[in-house]
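Each chain gets a letter, A, B and so on, in the order its sequence line appears, and its residues count up from 1.
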Amino acid sequence: RAVTEVFVSLYEEGLIYRGQRLVNWDPVLHTAISDLEVVSEEEDGHLWHMRYPRADGKGFVVVATTRPETMLGDAAVAVHPEDDRYKDLVGKEVELPLTGRTIPVIADDYVDPEFGSGCVKITPAHDFNDYEVGQRHDLPLLNIFTVDAALNDNAPEAYRGMDRYAARKQIVADLEAAGLMEKIEDHKLMVPRGDRSGEVVEPYLTDQWFVKIGPLAEPAIKAVEDGRIRFVPENWSRTYFEWMRNIQDWCISRQLWWGHRIPAWYDEEGNIFVGRSEEEVREKYASRLTPDTSLSRDEDVLDTWFSSALWPFSTLGWPARTGDLETFYPTSVLVTGFDIIFFWVARMIMMGLKFMGEVPFREVYIHGLVRDSEGQKMSKSKGNILDPLDLIDGITLEALVAKRTSGLMQPQLAPRIEKATRKAYPDGIQPYGTDSLRFTFASLATQGRDIRFDVGRIQGYRNFCNKLWNAARYVMLSAEANDLDINKGEVELGLPERWITTVLARTMRTVEESIAAYRFDLAAQALYEFTWDEYCDWYLELSNTTLGDEAATEAQKRGTLRTLLGNLEVLLRLLHPFMPFITEELWHRVAPRLDRQGKTIMLQPYPAAAEAAEDESTLAEISWLKAFILGVRRIRAERDIPPARPLAVQVTGGSKEESVWLQRNRARIRFLARVESVTEVEKEPEDAVVALAGAMTLLVPLANLIDPEAELERLEKELNKLKTDRDRTAKKLDNESFVARAPAEVVDKERHRLAETTASLDKLERQYQRIRNLVNQGV
RNA sequence: GGGCGAUUAGCUCAGCGGGAGAGCACUGCCUUCACACGGCAGGGGUCGCUGGUUCAAUCCCAGCAUCGCCCACCA
């Protein structure tokens with residue numbers, strides 16, 4: 001009903017008309033198609049140079065063509081008006097070989113004098129350019145093809161009924177026989193094919209329905225220009241403008257079996273009557289129609305994109321003024337791929353503005369197109385399709401091969417497809433699950449236009465799902481192991497608790513901003529990093545220190561458990577849009593422990609960063625603590641010390657603040673770095689391995705374990721790194737214009753860096769000397 | 001011909017004016033009681049090339065090269 005309504009109303013306004021025009025004709029499907037449904041590709045062909053004898057007998061003109069068979073429909077030969085070579089020829093006639101006709105020579109600046117001979121044959125009924133030229137010069141339209149693109153009765157008898165390609169061969173042969181073929185060159189040309197049939201389409205003269213698009217396009221261009229509609233990424237608006245400003249009338253009739261029938265009726269003389277129904281037509285045109293006039297309805301149907309263009313309001317009940325329409329039009333965002341900006345997006349904008357008087361949506365989020373790992377567009381005929389279900393449920397190699405090689409348009413490709421498939425997926429595809437797939441696509445949703453699908457990526461995110469699951473398991477186990485009522489009683493939040501909550505708050509902010517900017521990749525990345533690198537790698541370990549500490553108070557344990565569970569619960573809600581199933585399942589286990597009720601996580605509020613508590617002061621302390629622990633771990637790894645063997649660590653130097661931090665975090669260091677003792681000493685031991693944590697030096701005395709040569713080598717490497725760093729910074733600060741012109745903040749930062757690297761260098765240098773001495777003494 | 005985009009670690013990609021990051025892959029150690037779909041530690045990049053702007057360029061500008069996409073009527 002909406003379709004009929006729109007059609008009739010556009011017709012009444014004169015924006016839909018029926019006319020005989022050249023359209024792209026698919027000779028296999030026997031239908032007209034729109035410009036957008038034609039795909040041109042470069043193919044090898046020839047350029048035939050043909051001689052047309054001058055009517056006055058003074059030799060020939062030579063015309064070049066890629067389609068010799070169309071010469072039977074030629075109406076003229078054209079030259080450029082300023083081309084001196086042919087000036088005298090304009091207005092004269094030439095003989096059109098094989099036909100017995102003569103045709104005029106005309107001047108038109110469409111002709112490029114540089115190309116070929118500078119003479120062009122003009123075939124108005126079979127070429128879009130020639131049609132234009134024909135219109136300008138009032139040339140006759142001579143259609144020489146049938147709907148199958150075979151020659152019709154307008155062609156000389158000898159060629160009638162021949163297919164266009166057979167005719168081409170015959171005509172070329174005949175011209176050669178007559179000595180009228182000057183030469184044949186190889187030539188690359190763009191060949192237009194129908195995107196459905198793959199057949200070469202023919203510009204063909206038929207009666208079709210068109211939408212006069214100019215008056216619709218103009219407001220649609222304006223809507224994007226003045227920002228009522230915004231493309232994301234913004235660049236796509238340029239593509240949109242480019243097309244809209246060069247738009248041609250839209251051929252909307254199709255000679256197909258299915259679709260919306262065109263609401264037009266014809267009487268016996270072929271007069272057109274447009275209306276919502278035959279009854280309406282009879283009523284409306286009663287003055288011209290008698291009740292016994294027989295009317296027949298137009299056999300054609302509408303281009304499917306015609307009804308799709310109405311989608312934003314037709315789905316809401318239009319033309320009825322429904323509540324839905326009132327509430328939901330316009331929508332806020334349209335999410336789509338760039339391949340249908342023209343087909344669909346632009347047309348929805350035009351129709352929306354026309355019939356609703358308002359844009360159909362405010363933002364158009366254009367995402368990339370998924371391609372295979374080679375960057376090829378996925379298509380059934382190439383056999384490189386990845387079915388989402390196969391990624392979710394997995395598929396064996398044999399089943400995948402069978403799937404890809406069945407029902408092919410070109411069965412001869414099967415062996416190649418099979419080979420490629422066996423190579424790309426030697427073990428088939430593992431089941432990765434819905435959440436992994438969804439998270440993968442979120443993280444692949446970058447600003448680019450292509451998304452190469454890489455199985456490695458989904459595998460990584462499958463592991464991530466698993467990580468989250470196991471982390472939650474740990475949290476639940478910890479909660480069960482303590483029979484504290486965590487929701488009642490005194491709560492004390494320790495350093496790690498305040499820290500992880502702060503980091504979570506910052507993650508929330510990043511996620512919030514990223515989603516607002518349609519950067520789902522950045523949101524996904526932030527969540528991944530928080531979950532894995534902070535919550536699992538550090539906080540779970542730190543929480544263990546408190547929970548496993550017999551000296552810890554109930555209030556402390558309660559604080560830890562509440563933070564473990566509480567942050568996990570928030571994290572689940574944050575992750576829910578990215579991995580709906582796992583988060584739902586886990587949420588039902590976690591939430592009740594926090595006395596949080598709900599039927600589903602889907603109805604829970606999305607966490608808002610503004611409500612989160614932050615404690616900046618924890619960041620520096622934890623990052624120092626991490627440096628300390630990493631330092632010890634590194635010594636252990638590089639000196640090949642068994643992980644189970646506890647170390648005694650001595651520390652020297654360090655700021656006052658760091659001393660305080662050390663006192664506060666002894667238990668955590670002991671636990672996480674597997675250290676049996678940390679002692680502050682004045683004098684550095686003779687034989688030790690060293691690491692730095694801020695201004696503090698960590699020393700692990702290793703009398704017999706140490707391999708002095710190896711240690712010297714390691715130190716040397718580190719010293720070199722620090723030296724280049726120091727030199728570069730020093731050089732920068734020596735530069736007067738840097739100090740004068742760079743922002744004070746940046747200069748400060750550089751000064752700081754210089755001080756730090758110099759201090760570190762100093763410490764490592766001393767260590768280096770000590771070991772050097774040791775080695776020398778040994779010798 | 002016009003328009004748009006890409007070029008960053010072996011691969012897939014983030015970053016985009018103040019000392020380059022992730023995932024996968026790679027190397028070594030570890031079956032430590034959430035997780036071997038794991039832990040810990042590491043290796044790997046003159047950020048396509050040439051100029052310019054700037055105190056400072058992977059990032060901004062210009063040109064070039066290579067690759068890609070979309071439009072278009074060069075017979």
Side-chain angles (χ1 to χ4, degrees), chain A residues 35-36 40 47-49 63-67 70 78 110-112 114-123 127-133 187 189-190 192 203 233 235-236 238-239 241-243 246 338-339 341-342 369 373 375 377 430 432 436 440 443-444 446-478 519 521-522 525 528-529 532-533 536-537 540-541 544 630 633-638 640-644 674 724-725 728-729 732 735-743 745-747 749-750 753:
Chain A
D35 295 347
L36 290 176
S40 292
L47 195 56
W48 286 270
H49 296 255
V63 296
T65 181
T66 53
R67 301 203 52 198
T70 62
Y110 154 68
V111 179
D112 174 3
E114 306 293 314
F115 189 91
S117 62
C119 297
V120 188
K121 61 192 269 311
I122 299 296
T123 322
D127 183 283
F128 290 101
N129 289 313
D130 293 5
Y131 181 83
E132 298 291 325
V133 175
H187 184 69
L189 71 162
M190 298 296 277
N235 243 78
W236 288 109
R238 305 190 65 154
T239 306
F241 288 139
E242 185 66 19
W243 189 67
N246 298 303
F338 58 82
D339 53 335
I341 290 179
F342 306 140
L369 251 43
S373 55
K377 197 168 172 174
Q430 289 178 54
Y432 293 112
S436 312
T440 304
S443 58
L444 289 174
T446 59
Q447 304 269 39
R449 56 177 71 199
D450 294 335
I451 298 171
R452 286 196 188 203
F453 195 86
D454 180 22
V455 184
R457 210 71 194 244
I458 190 172
Q459 194 162 339
Y461 293 121
R462 189 268 320 264
N463 296 352
F464 176 64
C465 291
N466 194 248
K467 186 78 179 176
L468 179 70
W469 180 266
N470 283 307
R473 230 177 52 155
Y474 164 82
V475 171
M476 296 307 289
L477 286 173
S478 303
R519 290 303 304 270
D521 59 324
L522 300 181
Q525 197 192 340
Y528 183 101
E529 278 169 9
W532 202 308
D533 302 340
C536 290
D537 283 356
L540 292 191
E541 301 292 330
N544 219 341
L630 290 171
R633 282 179 184 164
R634 201 168 141 211
I635 289 173
R636 197 190 290 277
E638 282 175 358
D640 278 336
I641 302 163
R674 287 190 177 258
T724 28
D725 198 345
R728 248 201 287 190
T729 316
K732 216 166 177 177
N735 184 343
E736 279 170 32
S737 39
F738 170 73
V739 180
R741 300 203 192 197
E745 225 180 85
V746 175
V747 177
K749 200 175 138 197
E750 291 300 320
R753 179 196 294 278

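- Among the nucleotides B/rU12, B/rG18, B/rA75, the one closest to any side-chain atom of A/His187 is B/rA75.
- Remark: A/Arg449 is not in phosphate contact with B/rC13, judged by side-chain N or O atoms under 4.0 Å from OP1 or OP2.
- Straight-line distance from the CG atom of A/Leu369 to the P atom of B/rG68: 17 Å, rounded to whole Å.
- Put simply, A/Asn235 has a side-chain N or O that comes within less than 4.0 Å of OP1 or OP2 on B/rG5.
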Per-nucleotide pairing state of RNA chain B [Watson-Crick or G-U, under 3.5 Å; [ ] pseudoknot-crossing; | other strand]: (((((((..((((....[..)))).(((((.......))))).....(((((..]....))))))))))))....

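- Within the structure, every side-chain polar atom (N or O) of A/Arg457 is placed at least 4.0 Å from both OP1 and OP2 of B/rG23.
- Remark: C1' of B/rG15 and CD of A/Glu529 are 12 Å apart, rounded to the nearest angstrom.
- Note on A/Arg633: only backbone sugar-phosphate atoms sit closer than 4.0 angstrom, heavy atoms only; bases stay farther off.
- When each of B/rC74, B/rG3, B/rU12 is scored by its nearest atom to the side-chain atoms of A/Glu242, the top-ranked nucleotide is B/rG3.
- Looking at heavy-atom distances under 4.0 Å, A/Asp112 makes contact with a base.
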Sequence-aligned protein contact record of nucleotides 25-39 of chain B, with B where the base is within under 4.0 Å of a protein heavy atom and S where only the sugar-phosphate is: ---------BB-BSS

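- Put simply, CD on A/Gln525 is 13 Å from C1' on B/rU12, counting in whole angstrom units.
- Of the candidate nucleotides B/rC70, B/rU12, B/rG18, B/rC70 has the atom nearest to the side chain of A/Phe342.
- The side chain of A/Asp454 approaches B/rG23 more closely than any other nucleotide in the set B/rG23, B/rG19, B/rA72.
- Distance from the side chain of A/Thr66 is smallest for B/rA75 among the nucleotides B/rG18, B/rU12, B/rA75.
- A/Met190 comes within 4.0 angstrom of a nucleotide base, judged by non-hydrogen atoms across all strands.
- In this pair, A/Trp532 and A/Phe464 present their aromatic rings parallel. The plane angle is below 30°, not in the 30 to 60° band.
- Looking at which nucleotide of RNA chain B each of A/Ser443 and A/Val120 is closest to, the 5′-most match is held by A/Ser443.
- Aromatic ring orientation, A/His187 versus A/Phe115: perpendicular (interplanar angle above 60°, classes split at 30° and 60°).
- A sub-4.0 Å separation between OP1 or OP2 of B/rG3 and a side-chain N or O of A/Arg238 is absent.
- Using a 4.0 Å cut-off, some side-chain N or O of A/Thr446 falls inside it from OP1 or OP2 of B/rA14.
- Ring-centre distance between A/Tyr432 and A/Tyr461: not below the 6.0 Å cut-off.
- Note on A/Pro642: nothing from the nucleic acid sits closer than 4.0 angstrom, heavy atoms only.
- Of the inter-residue distances, the one linking A/Asn129 atom CG with A/Thr123 atom OG1 reads 11.0 Å to the nearest 0.5 angstrom.
- A/Asp725 comes within contact range of at least one nucleobase, with a heavy-atom separation under 4.0 Å.
- Nearer to the 5' terminus of RNA chain B, by closest-nucleotide assignment, is the contact made by A/Asp533 (compared with the other of A/Gly118 and A/Asp533).
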